[in-house]
Amino acid sequence: MPKMKRALLVLAVLSFTTLTGCAALQNLLKGAFKKPTLTFKTARLSSASLSDATVDLVYEVNNPNSFGLDLASVDYSFFVEGKQVVAGKPKKGLSLKKNGKSELVFPANVKFADIVPVVETFLNKDKAAYKAEGSVGIKTPIGVLNFPLSKEGAFEVPKIPQVSFQAPRIKGISGTTATVEFPLEIKNRNSFPLPVAGITGALKVGGANVGNLSTGNLGLLDGSGTKQVTLPLTINLLSAASAAMALRSGGSAQVKLDGKLTSDSQSVPLNLSQLLNFVK
């Protein structure tokens, strides 16, 4: 047989053998491969303030195979109260563990001013509705498998902290001035931590303007936690004659604070009015 024909025959035999082997290997993989599953796990707030919140939607991939898989593609959209917001997604190429479960976290930053025209109105809601949609592709030995993402639900809207005065303490009276400490109690009504950049406002005692109070940055309030801060103020008794009796003798007077509470970049009105007993 001429050398050229022999070479072509050998090449044909090798090609057939290779193709047959690949087909057999592919069939073997198809028979041995177990399809992974994708399920919704939870929706959670990873951070929140009165200006925005980061909502994490967590999905779980269960890979029952003895080898790892990779995330091939992600297409994801997130809506709050019907408006689309900026959403992050896991990176392509993310490794999914073998014989186990891996989490896929989809974070979305929700700026309340982009959702509603008046943020204070939004903060009075208990829940905000969300909708997630899209798909993820998982690279497997038998090709890329696509899984749909579809979830509707609601997340807890951050609530404005509850602020109240405790009984003021008269620390000293000298001539026409009185030094008074005003204790404030700030209660976080949320189950998650909330940053409070400060409380400021104009104070009235017995209807008379006596000065301004400012807490400074209060930091992070623990979930369902309470923080107390004491604010000293020197009051001119001549300009606050209606409050002088209570301050001199330790009686009661109406105390009002007209100000604001700030959390991150968002400030909300804070108006307190309490009948308080001044103690020495």
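Between L184 and L272 there is a side-chain heavy-atom pair separated by less than 4.5 Å. You'll find the side chain of P193 stays beyond 4.5 Å of the side chain of D222, heavy atoms only. A heavy-atom distance below 4.5 Å is not found between the side chains of T121 and V116. Considering only heavy atoms from C-beta on, K83 stays 4.5 Å or farther from D114 through its side chain. In this structure the side chain of N212 never reaches within 4.5 angstrom of the side chain of T200, judged on heavy atoms. Taking 4.5 Å as the limit, every side-chain heavy atom of V61 sits out of range of all side-chain heavy atoms of F147. The shortest side-chain heavy-atom distance between L237 and I173 falls under the 4.5 Å cut-off. K92 is not listed as a side-chain neighbour of L71, based on a closest heavy-atom distance of 4.5 Å or more.
The side chain to side chain contact (heavy atoms under 4.5 Å, CB included) test applied to T179 returns K171, T234, not counting sequence neighbours. With sequence neighbours excluded, no residue forms a side-chain hydrogen bond (donor to acceptor under 3.5 Å, both in side chains) with S102.
In this structure, S77 OG and E133 CD are separated by 5.5 Å, a value rounded to the nearest 0.5 Å.
Ring geometry for F112 versus F122: interplanar angle of 30 to 60°, hence tilted. Relative ring orientation between F106 and Y59 is described as perpendicular, the plane-to-plane angle rising above 60° on a 0-90° scale split at 30° and 60°.
Of the candidates V157, D264, L194, V119, L194 is the only one forming a side chain to side chain contact (heavy atoms under 4.5 Å, CB included) with L50.
A salt bridge (Lys or Arg N to Asp or Glu O under 4.0 Å) check over residues 35-58, counting only residues at least two apart or in different chains, returns the pairs K41-E60, K41-E103, R44-D56.
Shown here is K127, whose NZ atom has more than 12 heavy atoms of other residues, nucleotides or ligands within 6.0 Å.
K227 contributes a side-chain N or O that, together with a main-chain N or O of L218, makes up a donor-acceptor pair within less than 3.5 Å.
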